[in-house]
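The block underneath contains the structure these notes are about, expressed in structure tokens.
Here the structure is a predicted model, which is why all the values come from computation and not from measurement. Proteins get letters first, then strands, A, B, ... in listed order; numbering begins at 1 in each.
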2 protein chains.
Amino acid sequence: MTNRPLDRLDKRLLAQLQVDARLSFAELGRRVGLSTPATAERIRKLEEHGVLRGYRAELDSHSIGYPVTAFIRLYVPAESYPRVLAVIEGMPEIREAHHVTGEASFVLKAVAPSLIALETLISSFDSFGKTETSIVLSTRLAARGLPINP
Amino acid sequence: MTNRPLDRLDKRLLAQLQVDARLSFAELGRRVGLSTPATAERIRKLEEHGVLRGYRAELDSHSIGYPVTAFIRLYVPAESYPRVLAVIEGMPEIREAHHVTGEASFVLKAVAPSLIALETLISSFDSFGKTETSIVLSTRLAARGLPINP
DNA sequence: CTTGAAAATGTACGTCG
DNA sequence: CGACGTACATTTTCAAG
């Protein structure tokens, strides 16, 4: 993973792909002033170097049966981390898990089909320590791409 | 935004696109047993109905100059919400903002090029109320797609 | 990085169940 | 109406310069 510096063209390509990951190489090339093969090759290298980690369709969680989203803070002793992480790994409704500074050990982002299901999900961690949950009432800002300096 | 029920084929298409949003219609069709035009038409409708909200490239934030990620909880009185949201809107380093239940009013997810920059970002909210920040030490799970029941 | 040709894919339309 | 097959435009890929 050599940390190649990104030039202006790379940054413009990345900025475009953050907005629409399905843009064709031809269209991307047109927008930045590059031929199709040159564009494809740059993107291949950005993937190879780990700058481009993947392309994800963004779904409406409500439409797929998950109207509830919540952030859960876990307070657990360090010796429980491996078991906690194993539990998290096996729960597909947990979409993110971060080890963080401060009192809490982990911050989780989870979805659930109902509040009862969320309650069940949270109780999976009862044996490890305390939890604190913030249920999302409304999302005011989401899926904003990373700012890219030109 | 009529709430069409998703059939098995829709779900399989969505599941594939969550893993790789750049899959061709031809390839998607092959995987679920549909012709290319039929696949394209289904996906067009899923977009139209708001089930498919977009296609995003996932970038490595560290590679683009943002080694720091943090969750910030904001404690502000309801009358400050409009001004707080306006501030958030104008800060590209804030990637998510959710209005939540519990003591905190908002949960933010932000990136920063340094801890000093994060400190500056957080201080933008000092005049509105209290903040609590959890800096991400390591991400154990990220970009996991929503579970889709067949 | 560009050009140019061959293969694959995307899209529009006619047709069938 | 939804899915298919054909026909044609666009895109992808690969070679060579």
Main chain of A:S35, side chain of A:T39: is a donor-acceptor contact present, judged purely on distance under 3.5 Å?
yes
Under 6.0 Å from the six-membered ring centre of A:Y75 and within 45° of its axis: does the NZ or CZ of A:K130 meet both?
yes
Give the ring-plane orientation class for A:F106 versus A:H99, where under 30° counts as parallel, over 60° as perpendicular and anything between as tilted.
tilted
[X] side chain, from C-beta outward: closest of [options]:
{"X": "B:P37", "options": "D:dT12, C:dT11, C:dT3", "result": "C:dT11"}
{"X": "A:S24", "options": "D:dT11, C:dT9, C:dG4", "result": "D:dT11"}
{"X": "A:R30", "options": "C:dG4, C:dT11, D:dT11", "result": "D:dT11"}
{"X": "B:A26", "options": "C:dT9, C:dT11, D:dT11", "result": "C:dT9"}
{"X": "A:A38", "options": "D:dT6, C:dC1, D:dG2", "result": "C:dC1"}
{"X": "B:L34", "options": "D:dC4, D:dC14, D:dG2", "result": "D:dC4"}

Pick the closest DNA chain C nucleotide for B:L23 and for A:L9 by heavy atoms, then say which residue is nearer the 5' end.
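On the 5' side of the pair lies A:L9.
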Hey, which of these two, A:R42 or B:F25, hits DNA chain C nearer its 5' end, going by closest nucleotide?
A:R42
Between [atom2] of [N] and [atom1] of [X], the distance in whole Å:
{"X": "A:K45", "N": "C:dC1", "atom1": "NZ", "atom2": "C1'", "value": "11 Å"}
{"X": "B:E47", "N": "C:dG10", "atom1": "CD", "atom2": "P", "value": "13 Å"}
{"X": "B:I43", "N": "C:dT9", "atom1": "CD1", "atom2": "P", "value": "14 Å"}
{"X": "B:D10", "N": "D:dA3", "atom1": "CG", "atom2": "P", "value": "8 Å"}
{"X": "B:L28", "N": "C:dA8", "atom1": "CG", "atom2": "P", "value": "18 Å"}
{"X": "B:E27", "N": "C:dA7", "atom1": "CD", "atom2": "P", "value": "20 Å"}

Taking 4.0 angstrom as the limit, do A:R12 and A:D7 come out as a salt bridge?
no
Using side-chain heavy atoms (C-beta onward) and a distance below 4.5 Å, is B:R73 in contact with B:T131?
no
Just checking B:R44: base, sugar-phosphate only, or nothing, at a heavy-atom cut-off of under 4.0 Å?
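Since no nucleic acid heavy atom lies under 4.0 Å of B:R44, the category is nothing.
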